[in-house]
Participant: 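Here you go, one structure.
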Amino acid sequence: MAFKDILERFKKGLAKTAQLFNVRSWFGRKVDQAFLDDLEGKLIQADVGVKATQRIIARVREEFSGKEADDDLIAFVKLELKALLTDAQPGTLATAPRKPTVILVAGVNGSGKTTSIAKLAQRLKDEGNSILLGACDTFRAAAADQLAIWAQRSGSDIVRGNPGADPASVAYDACDRALARGVDVLIVDTAGRLHTQSHLMRELEKIRAILQRKIAGAPHEVLLVLDATNGQNAIRQAEVFTQSIACTGIVLTKLDGTAKGGVVVAVRQVLNLPVKFVGVGEGLDDLQPFDADAFVESLFM
Amino acid sequence: MFDDLQKRLSTAIGRFKPRGVLTEANIKDGLQEVRNALLEADVNYKVVQEFMARVSERAVGAQLIKSVRPEQQIVKIVHDELVDLMGEPDTSIRFDKSGPTVVMLCGLQGSGKTTTCGKLARMLMQSGRKPFLVAADLQRPAAIEQLKVIGQQLQVPVFSQADSDPVKVCQGSIAEANRQGRDTIILDTAGRLHVDDDLMAELREIEKKVKPHVVLFVCDALTGQDAVASATAFNKALELDGVIMTKLDGDARGGAALSVRRVTGVPIKFVGMGEKLDKLQAFDPHRVVGQMLGMGDIVGLVEAAQQAIDQEEALRQQEKMMKGKFDLNDFRNSIGQMKKMGSIGELIKMFPGLGQMDLDIDGLDAEGEVRRLQGIIDSMTPAEKADPHIIDISRRRRIAAGAGVEPADVSSLVKQFDGMAAVFKQMAQMTMLDKIRAMTGLGKAGAFNPGAKLMAPKIGTGKRLSPKEKEKLRKLREKEERKKRREERDRGRPDDKGRPRP
């Protein structure tokens, strides 16, 4: 099961780092300021962020002030977090009524877009889809080569342009090829960019516009790849990318380390952007549907 | 979340209006704001806790300075303490005199190692070294290709062996570098998680076999609370000599820099400020602290100004100004130079406070204004530019028609010029830094900080210590630490003979 699997991985990772905190040791403590400070520290250390944490703390204070901490309290906090994170259909992506389904993938540099696309392609392939990859990262040296190697491993087709070519033109060609070959899914990789670079954000908008023009209803999913080790800046990333290309979901990568990725809680408070998948390793099958339960458990470990 | 700390402080403190001295009670809310700002900047939770204890200790009891608002004073204390915590910048790289110097880069996946290798090679080349890039990342598909492309762009040789293992590649690279007469070897290792035992062991193996002279940890400035965990693990495994922070050109507050510095004691040497290969800069604590507090990049502004302004031209103008012979030609030149520093919108963003305000910069059309002024000056004859006072009604009408403006605009420019010439004359006697300091009121931040604990920056000894030596050093440090603690405890208490201690 995915749930257990992720939990195992988290546990494995965490056993190696100092276990500074144990939820059990809370039990029996009075819910006072010192207790709430501890709880706050715990959430902030998981990158949940000041504002999101304070909101949760306020709720706990309201419900439990003066009482003793027990299972109910932990369950309450977890429920609060889960309510924020639960997605109606975790791990499922929208499909187009007529082929191809187009998935646009974007994110900041080094967040793990290309690797995530490779994993996603493998996953969709295993579900019986034919895949075409559009290598629109024409900026970074050898980015298309990287995707090509992954395409070969997962047995997908790839469209690529020359280094330095207009990424929108690659997207254009990819649409043509997808339509001509009648593939089920077209996944478009883009160059990593910091959301503060407005000219690069415009370039991304242009890619989106091309997809929209070439294929009705495209892109059907716009996935933002967030690095779980990122801190509060991820909120800005999500805001700006969503504003620019209307993201529909998040892929949270690098969850196999010690970072908790708690910032997605804060992201969810600001935007209604569900986490679709989590990346938990470098292998092709290390992409799991997001599981809110397992994720919240891990925040408290 | 990107509001200026000073603004937040003024709301928090404004409610209390402290008079005379700062006390724990009247700055409590203010300090809470500081704490939240640091946490939002992704400074590690524990580092923040520790830091706030220090700041409140310094702030409580501080006399309020009349001319400064209390929040400004607190910001200054926080700023100074932060700069202090960052330690003296140490951007040196110790080169081995007897043979090629080996520099090893390591870090998590996606932190920007390969790009940074290229940037570092370029920087070293500019200082006369002959770098040699080694593709030791055999993990990520096409990582070797990426380094080769970068090598080609820089015209630096790249060493690679596709079907080998990273340890052998690194070992083999040294002989090859010697053969090609290259003096600085840069190892691009694969990204790895600090909890991946096998890959961390591989890294230690490379260190053991190759004995790099400098080990640099590449850290993503976007990193949150986890930065401490990964940096500590890498430092434990490899004994890092320095850190390179990447992706600082975005709007990340870069709190990771402080956390890593504080927890590992390893100095931050360089920062990556963009995707292009020339975007590697020496680390400057003032700048990162400013960014962390959302105070704008003052130092960045100064540097931008220095780079854009042609020194000779500036000197020439200065001389003319001193003599009072500053004319419209010079005025036009100085506007042109201001434009070179970047768009007005960008400049405004660099100023503390202004960047965070919701100024409708585009609506201001400051650049249009500059173009208009230049247009007017361009429509004048040389004689008019040299002495604008000869402009009479008919000249004024001609100039206005030429520039496509109203005659009144020409008069107002001449009036402005008279006023500005006076200011320019005054400013000419200040350095650029003074000008900016005068504007921001930050003063000589960090110049005085009594009682502050200075962390000795870790400077490479040029050789790798043996485990035995390391152990010895550690014991010595602990002994010092105990002694200091004892002294602190005893201070103020009478000694055995009942006399007060110094």
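Per chain, numbering begins at 1; letters A, B, ... match sequence-line order. Since the model is a prediction, treat every value here as computed from it, not as a measurement.
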Participant: With sequence neighbours left out, write down each residue that passes salt bridge (Lys or Arg N to Asp or Glu O under 4.0 Å) with Arg61(A), or none if nothing qualifies.
Facilitator: none
Participant: Measuring heavy-atom distances to chain A, does Leu222(B) have an atom under 4.5 Å in its side chain, in its backbone, in both, or in neither?
Facilitator: both
Participant: With a 4.5 angstrom heavy-atom cut-off, is it the side chain or the backbone of Val263(A) that approaches chain B, or both, or neither?
Facilitator: neither
Participant: Does any heavy atom of chain B fall under 4.5 Å from the side chain of Leu43(A), the backbone, both, or neither of them?
Facilitator: neither
Participant: Of the listed residues (Val50(A), Thr253(A), Leu194(A)), which shares the most heavy-atom pairs with chain B below a 4.5 Å separation?
Facilitator: Val50(A)
Participant: Could Asp188(B) and Lys113(B) be called an ion pair, given the rule that one side-chain N must be under 4.0 Å from one carboxylate O?
Facilitator: no
Participant: For chain A, find which of Leu193(B), Thr246(B), Thr114(B), Val149(B) contributes the most heavy-atom pairs closer than 4.5 angstrom.
Facilitator: Leu193(B)
Participant: Return the option, out of Lys148(B), Gln139(B), Glu275(B), with the maximum number of heavy-atom pairs under 4.5 Å with chain A.
Facilitator: Glu275(B)
Participant: Does Glu205(A) pair with Arg202(A) as a salt bridge, N-O distance under 4.0 Å?
Facilitator: no
Participant: Which heavy-atom pair separates Gln146(A) from Thr115(A) by the least distance, and what is that distance?
Facilitator: NE2-OG1, 4.2 Å
Participant: Which one, Ala143(A), Ala141(A), Ala142(A), Gly192(A), leads in non-hydrogen pairs under 4.5 Å with chain B?
Facilitator: Ala141(A)
Participant: Report which part of Gln152(B) has an atom under 4.5 Å of a heavy atom belonging to chain A: side chain, backbone, both, or neither.
Facilitator: neither
Participant: If the test is side chain to side chain contact (heavy atoms under 4.5 Å, CB included), which one of Gln288(A), Lys119(A), Arg123(A) qualifies with Phe277(A)?
Facilitator: Arg123(A)
Participant: Check this for me: does any side-chain nitrogen of one of Asp198(B) and Arg192(B) sit under 4.0 Å from a carboxylate oxygen of the other?
Facilitator: no
Participant: Among Thr115(B), Asp226(B), Asp220(B), which residue has the highest count of heavy-atom pairs closer than 4.5 Å to chain A?
Facilitator: Asp226(B)
Participant: Below 4.5 Å, heavy-atom pairs only: which of Gln153(B), Lys247(B), Glu145(B), Gln146(B) has the largest tally toward chain A?
Facilitator: Gln146(B)
Participant: Chain B: which of Arg153(A), Arg140(A), Gln197(A) shares the most heavy-atom pairs with it under 4.5 Å?
Facilitator: Arg140(A)
Participant: Between Gln54(A) and Glu40(A), is the side chain to side chain contact (heavy atoms under 4.5 Å, CB included) condition met? List the steps.
Facilitator: CA-CA 7 Å; Gln54(A) 281 173 348; Glu40(A) 184 190 29; 4.1 Å; yes
Participant: If only side-chain N and O atoms count, and only distance matters, is there a donor-acceptor pair under 3.5 Å linking Asp189(A) with Thr114(A)?
Facilitator: yes
